[in-house]
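First up is the structure itself, then whatever we jot down about it.
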Amino acid sequence: MENSRKKLYSAVQPTNNLTIGNYIGAISQWVKLQDEYDCVFAIANMHAITVRQEPANLRKRTLELLALYIACGIDPKKCILYLQSHVPCHAELAWVLNTFTYVGEMERMTQFKDKSAKHADNINMGLMDYPVLMAADILLYQSDVVPVGLDQRQHLEITRDIATRFNNIYSPTFTVPEGLFLKVGAKIGDLSDPSKKMSKSAENVNGSVFMTDDRDTIIRKFKRAVTDSGNEVKYDPQNKPGVSNLISIYMAFTGKTVEEAEADFAGCGYGDFKLAVGETVADKLAPVQAESERLLADKGYLEGVLKEGAERAFGIARKTLSKVYRKIGFYQL
Ligand code: TRP
């Protein structure tokens, strides 16, 4: 009864608030992809603890992220939406895959090096093992495609390497996944420094617009956004990175093309342009925020979604894990 649709997997960590960069680059894309693929979306709380988390906060953010996913249009009827720690197979497969991954490979990962520098007082084993857990996530669901940002490209490469290595030793076991590196809005820049990616954890909070920011905050942040010399609203990432970043955000929130966006602001000064982009974003986020609040007030519903998601995810994951255990020689009852 397998159907012919390709399988897609992705996840987001429940750390910090999501920014409009995460929304444009990930969640809004997933909403479109769920009609084309069999989708599994996770809340990666096991990845989150590789950096110290405040427990109450982690718990709270988990439900907030779930509510936001659904409010943005991810439909738990169309896809599997679950919390990583609810499916023990992730930890189990990660352990097995650890024995097919070399320490040297992990030490060379760019993100590990960056995070080690940032959290020098807590370079724990989990931080180094992060890519193996991510490989386990993806491979458990026999995923064909994995939409991620460019910062995750190396993690996807190592996932493919581990899968291929295992398949070559034991005969085909895992689907070797392809990365889907989204172009549209894949790199929304920080409003105060467009050369940097808009981040959930940026030091300067004015550069990141969060999904939960209220209207006044959103507009204030856009008003403060850096622009460039000249006075024309033109899309030219090389020479006008600030203005181009704002145009990209505008395009993502309106679905307009570069030409249409430029036409909307022909003869418009930078001040009015920034205000208009801020208003567009605030208008678009208002209903999402309202829906997310409504869902958060209905904990029973959210827990029901998690319960059903975990059961469905477990069904798939357990099958892959049994196959792996059989191939490697674990005695099974
Ligand atoms: N590491 C990803 C990120 O921070 C989150 C993640 C965890 C993920 N497991 C995954 C993404 C599996 C894709 C597939 O963005």
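Computation of the quantities below employed the complete heavy-atom set of this structure, encompassing side-chain atoms and omitting hydrogens, waters and symmetry-equivalent molecules. Remember, it's 1-based here, ligands and their atoms both numbered in the order they're listed.
Remark: aromatic rings of Y250 and F265 are close, center separation under 6.0 Å. Residues Y82 and H90 place their aromatic rings such that the two centres sit under 6.0 Å apart. Between F166 and F174, the ring centre distance stays below 6.0 Å. Note: Y130 and H155 meet the aromatic proximity criterion, with ring centroids under 6.0 Å apart.
Using a 30° and 60° split on the angle between ring planes, F100 and Y170 fall in the perpendicular class, above 60°.
Taking atom 8 (C) of ligand 1 as the reference point, the nearest protein heavy-atom neighbour is A11 CB, 3.6 Å. If you check which protein heavy atom lies closest to atom 1 (N) of ligand 1, you get Y130 OH, 2.6 Å. The nearest heavy-atom contact from the protein to atom 13 (C) of ligand 1 is V148 CG1, 3.5 Å. Of all protein heavy atoms, the one lying nearest to atom 9 (N) of ligand 1 is D137 OD2, 2.7 Å.
Residues Q332 and S322 meet the side-chain proximity criterion, which asks for heavy atoms closer than 4.5 Å.
With a 4.0 Å cut-off on non-hydrogen atoms, I138 touches ligand 1 through its side chain and not its backbone. The part of Q152 lying near ligand 1 is the side chain, judged by heavy-atom distances below 4.0 Å. If you look at V146 next to ligand 1, the close heavy atoms, those under 4.0 Å, all belong to the side chain.
In terms of N/O distances under 3.5 Å, ligand 1 is not approached by H155.
Ligand 1 places these atoms under 4.0 Å from at least one heavy atom of H47: 7 (C), 9 (N). When each atom of ligand 1 is checked for a heavy atom of Q13 under 4.0 Å away, the hits are 4 (O). Within the listing of ligand 1, atoms 12 (C), 14 (C) sit less than 4.0 angstrom from a heavy atom of Y9.
Distance check: L302 CG to K307 NZ gives 14.5 Å after rounding to the nearest 0.5 Å. In this structure, the separation between CD1 on I43 and CD on Q84 is 10.0 Å, given to the nearest 0.5 Å.
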